[in-house]
Protein chains: 2
Amino acid sequence: MQRAAADRLFKALADPTRRGLFERLTRDGEQTVHALTVRAGVSQPMVSKHLTILKRAKLVHHRREGRETHYSAQPQALAPLADWMTQYGTFWRDRFDQLENLLERMDK
Amino acid sequence: MQRAAADRLFKALADPTRRGLFERLTRDGEQTVHALTVRAGVSQPMVSKHLTILKRAKLVHHRREGRETHYSAQPQALAPLADWMTQYGTFWRDRFDQLENLLERMDK
DNA sequence: ACAATCCATAACCAAATGATTATGGTTTTG
DNA sequence: CAAAACCATAATCATTTGGTTATGGATTGT
């Protein structure tokens, strides 16, 4: 079951267009499908489809408002991926300082 | 360029069989194709193909020895994935303690 | 009311993907 | 040396995937 969640996550993130959408929603916050389509490099229907896949992986959340649909990123949905990665502990040690640094910056 | 590396990585990890092979190599250490095939649930040629994909993502390394090929995991190849994830900082805070814990256990 | 906008779904298509069986090249074993 | 074992590649196939255009439903603007 955690298996299936991880699978949907990895598959959702396997496509660069989808990662692009997720990254943009994370960086720039909530966006309409239209706004996302303008810079996505693919057609509006394709953006909708990709968003649906991200939605099933719980990476995004949507909110209808009139004729527009606003999508927002749910970065906490990356947790299973983080869990999966902690199995491969050794390489983390090297990254530890960077991470600590990041967390410090986040606290400011 | 880091882009392409991340892409090969995500795509390589998108398949559960491939993740299974990688996990096994990480947990149990170096293995021959034959040994991997026995428990992989797919045919030997498929194991070879998956290993090739993992190899192109630098997630595994191979070493020929007579008629057998020994594969081993290269977990440090997950680094680009870790880098990518640090962009989504917020959720890391929650995982920080677990990570610290893990690193402590690793030092023993 | 009518036209335009926003979005999702449908219909369709080419290419990629995951799998199989068949084959052949090396190397080891009997 | 012959047979068996190990592995990679080739040929083939069904399914999935990422993309398009077409359409239609709902909402907003004139």
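Checking B/Lys11 against B/Val42, the closest nucleotide of DNA chain C that is more toward the 5' end is the one next to B/Lys11. In terms of position along DNA chain D, the nucleotide closest to B/Ala35 lies nearer the 5' end than the nucleotide closest to the other residue of the pair A/Pro45 and B/Ala35.
In this structure, CD of B/Glu65 is placed 13 Å from C1' of D/dC6, rounded to the nearest angstrom. The distance from atom CD of B/Gln44 to atom C1' of C/dG25 is 13 Å, rounded to the nearest whole Å. Between the CZ atom of B/Phe10 and the C1' atom of C/dT17 there is a distance of 19 Å, rounded to whole Å. Atom CD in B/Gln31 sits about 11 Å away from atom P in D/dC7, given to the nearest Å. The interatomic distance linking B/His34 (NE2) with C/dT28 (C1') rounds to 14 Å, in whole Å. Distance CZ (A/Arg64) to C1' (D/dT28): 13 Å, rounded to an integer number of Å. The separation between A/Met46 atom CE and D/dG18 atom P is 6 Å, rounded to whole Å. Taking atom CG of B/Leu54 as the reference point, atom P of D/dC7 lies 16 Å away to the nearest angstrom.
Residue A/Thr17 has a polar side-chain atom (N or O) positioned under 4.0 Å from OP1 or OP2 of D/dG19. Phosphate contact (OP1/OP2 of C/dA19, side-chain N/O of B/His50, threshold under 4.0 Å): present. For A/Arg18 and D/dG18, the shortest distance from a side-chain N or O to OP1 or OP2 is below 4.0 Å. Between A/Ser43 and D/dT21 there is no side-chain N or O to OP1 or OP2 distance below 4.0 Å. For D/dC6, neither phosphate oxygen OP1 nor OP2 lies less than 4.0 angstrom from any side-chain nitrogen or oxygen of B/Tyr71.
The side chain of A/Thr32 lies closest to C/dC7, out of C/dC7, C/dG18, D/dT17. Distance from the side chain of B/Asp15 is smallest for C/dA19 among the nucleotides C/dT21, C/dA19, C/dC7. Relative to the side chain of A/Ile53, the nucleotides C/dC7, D/dA22, D/dG18 differ in distance, and D/dG18 lies closest.
Between the CG atom of A/Leu54 and the NE2 atom of A/His61 there is a distance of 14.0 Å, given to the nearest 0.5 Å.
At least one side-chain heavy atom of B/Leu36 sits less than 4.5 Å from a side-chain heavy atom of B/Leu51.
The closest side-chain donor-acceptor pair between A/His34 and A/Gln44, if any, does not fall under 3.5 angstrom.
B/Glu68 contributes no side-chain N or O that forms a donor-acceptor pair with the base of D/dA5 under 3.5 Å. You'll find a donor-acceptor pair under 3.5 Å spanning the side chain of A/Lys49 and the base of D/dG19, going by distance alone.
More than 12 heavy-atom neighbours from other residues, nucleotides or ligands sit within 6.0 angstrom of NZ on A/Lys55.
Legend: residues meeting ring pair (Phe, Tyr, Trp, His ring centres under 6.0 Å) with B/His62, ordered by chain and number and at least two apart, are B/Tyr71.
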